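For clarity, every value in this text was computed on a predicted model and none was experimentally measured.
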Amino acid sequence: MLKVTLKTKKILVPIISILAGFLVGAIIMLVWSYNPFQAYASMFSSALGNMNGIGETIREATPLIFTAIGFAIASTAGFFNIGLPGQAQAGWLSSIWVVLANPNMPKVFLLPLAVITGNIAGALVAGVAGWLRAQFGTNEVITTIMINYIVLYSCQYLMQQVMSAKLRIDTDTTKTITANGSLKINWLSSMFGDSRINAGIFIALVAVFLYWYLMRKTTTGFEIRSVGTNAAASRYAGMSAKKNIMLSMLLSGGFAGLGGVVQGLGTYQNYFTQTTSLDIGWDGLSVALLGGGTAVGILLASLLFSILKIGGLGMQTIAGIPYEIVSIVIAAIIFFVAIQYVIGLLFKTKKAQAIQRDTKTADTDSDSAVADSTKTQGGQN
């Protein structure tokens with residue numbers, strides 16, 4: 001085993017997980033007679049080789065940052081929120097609806113209103129699962145899975161049956177939003193080769209900072225971490241478990257809702273019928289796990305997943321490799337992250353060694369003292 005510090009170990013384990021995932025992908029390519037070097041070269045070239053690719057990579061990473069933060073908050077509190085797709089979808093539809101219904105409202109009012117509405121919509125969806133957990137102890141995994149489907153079909157019904165026909169092109173697609181409610185910035189898009197990068201990335205960076213500050217510098221963050229670490233001890237210390245359950249789920253859903261807002265107001269500029277749960281929800285979960293739930297880790301992991309997603313298209317068009325290979329690489333990375341305990345066995349932390357060494361020294365000193373005492377008593381006798 002390699003001797004490293006605990007901090008170094010936390011960095012090396014996810015890196016090895018990533019490399020192992022790429023290695024598995026390379027082996028599969030070799031089995032099917034593909035050139036892994038050409039494949040990965042085309043992947044990184046497509047994602048990072050030109051300004052358009054970089055812009056699309058950043059754009060792809062933006063909603064993942066929000067959904068990953070949402071999962072990380074719930075996870076820190078000891079909950080497994082897999083309702084991120086539904087929470088993001090609620091944020092997407094509600095923000096688009098607000099903009100379409102108020103086409104003449106000044107941007108300085110309309111855009112914040114739409115963003116806040118999407119944030120609240122995501123929080124309310126997550127709040128249902130949080131309330132059920134707080135009041136009845138209902139397993140949040142089951143409730144959030146079911147709520148994903150409820151939101152999926154409720155959004156379809158709302159758009160097709162409730163939304164005014166004036167706001168839709170047809171029953172499956174809304175009209176494109178007006179510029180006063182859009183996150184698109186023309187000069188930013190032009191800077192990155194006319195990509196779909198938008199102001200959502202700036203909001204995401206602010207969200208990363210707020211997440212770090214909330215969890216590390218505030219009493220609320222401390223209570224959330226305490227409840228997640230030991231709920232019984234937290235209650236004994238006077239912390240309200242029910243309050244922190246509700247708060248963590250509302251915050252989690254709120255951030256996930258912002259992921260949907262960025263998709264709607266930034267990437268697509270409209271809403272269209274979804275046939276399945278949003279990928280940004282599931283990918284955000286993976287990003288949070290890979291990033292270890294830390295602010296910097298989430299930021300870096302979202303960029304990696306974005307490179308895989310955008311670069312995967314390059315693998316298909318340039319190297320002629322099926323896009324499914326990319327999915328295999330992502331799945332392999334998640335697998336190795338999930339068994340990071342096993343990977344962690346490759347390392348032995350210096351701190352642990354120091355403790356063991358001090359313990360052995362203390363035991364030796366104690367044995368010597370006992371021996372000396374015995375000799376002294378024997379001499380006196």
Side-chain angles (χ1 to χ4, degrees), residues 2 11-65 67-68 188-198 200-201 204 263 266-268 276 278-292 296-340 342-343 346:
L2 299 177
I11 297 174
L12 289 177
V13 168
I15 290 177
I16 292 176
S17 300
I18 294 168
L19 294 177
F22 279 113
L23 179 61
V24 169
I27 293 173
I28 293 174
M29 292 180 208
L30 289 172
V31 169
W32 293 98
S33 301
Y34 293 112
N35 186 335
F37 296 102
Q38 181 185 8
Y40 288 137
S42 62
M43 168 186 285
F44 286 101
S45 175
S46 298
L48 304 172
N50 55 70
M51 294 304 292
N52 180 272
I54 294 173
E56 285 297 318
T57 297
I58 296 174
R59 189 271 311 164
E60 183 75 19
T62 302
L64 300 185
I65 294 173
T67 53
L188 184 63
S189 179
S190 298
M191 181 187 299
F192 286 92
D194 294 325
S195 64
R196 291 177 293 175
I197 187 174
N198 55 77
I201 184 58
Q263 285 290 78
T267 300
Y268 295 108
T276 186
L278 298 184
D279 287 341
I280 59 172
W282 307 120
D283 290 342
L285 184 155
S286 302
V287 166
L289 292 175
L290 181 59
V296 175
I298 286 173
L299 186 61
L300 296 177
S302 64
L303 290 173
L304 171 64
F305 266 68
S306 183
I307 290 171
L308 292 172
K309 292 282 187 177
I310 300 299
L313 300 175
M315 287 176 59
Q316 187 175 24
T317 57
I318 299 175
I321 296 176
Y323 187 79
E324 286 73 16
I325 295 290
V326 181
S327 299
I328 292 175
V329 172
I330 294 175
I333 290 173
I334 297 172
F335 171 77
F336 286 110
V337 171
I339 62 168
Q340 59 180 316
V342 178
I343 297 176
L346 297 172

Atom [atom1] in [X], atom [atom2] in [Y]: separation rounded to 0.5 Å?
X: Tyr34; Y: Ile321; atom1: OH; atom2: CD1; value: 7.0 Å
X: Ile328; Y: Ile28; atom1: CD1; atom2: CD1; value: 4.0 Å
X: Met315; Y: Leu308; atom1: CE; atom2: CG; value: 9.0 Å
X: Ile16; Y: Leu23; atom1: CD1; atom2: CG; value: 12.0 Å
X: Glu324; Y: Gln316; atom1: CD; atom2: CD; value: 7.5 Å

Side-chain heavy-atom pair [X], [Y] within 4.5 angstrom cut-off:
X: Met29; Y: Asn35; answer: no
X: Thr267; Y: Thr62; answer: no
X: Ile280; Y: Leu64; answer: yes
X: Phe22; Y: Pro36; answer: no
X: Ile307; Y: Leu48; answer: yes

How close do [X] and [Y] get, counting heavy atoms only, and between which atoms?
X: Ser46; Y: Gly314; result: OG-CA, 3.0 Å
X: Gly284; Y: Thr67; result: CA-OG1, 3.2 Å
X: Ala26; Y: Tyr40; result: N-OH, 3.4 Å
X: Ala319; Y: Ala39; result: CB-CA, 4.2 Å
X: Asp283; Y: Lys309; result: OD2-CE, 3.2 Å
X: Glu60; Y: Ser306; result: CB-OG, 3.0 Å

*Would you find a donor on one side and an acceptor on the other, under 3.5 Å apart, between the side chain of Glu56 and the backbone of Arg196?*
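The answer is yes, because a donor-acceptor pair under 3.5 Å joins these two groups.
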*asked:* Tell me if a side-chain donor or acceptor on Ser189 pairs with a main-chain N or O of Ser195 at a distance below 3.5 Å.
replied: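 Answer holds: yes.
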*So Ile310 and Arg59, side-chain contact (heavy atoms from CB on, under 4.5 Å) or not? Walk me through it.*
CA-CA 10 Å; Ile310 300 299; Arg59 189 271 311 164; 4.1 Å; yes
_For Leu290 and Ile18: C-alpha separation, side-chain torsions, deciding distance, then whether side-chain contact (heavy atoms from CB on, under 4.5 Å) applies._
CA-CA 9 Å; Leu290 181 59; Ile18 294 168; 4.0 Å; yes
Without placing hydrogens or testing angles, list every side-chain donor-acceptor pair under 3.5 Å for residues 298-305, not counting sequence neighbours.
residue	atom	partner	partner atom	Å
Ser302	OG	Ile298	O	3.2
Ser302	OG	Leu299	O	2.7

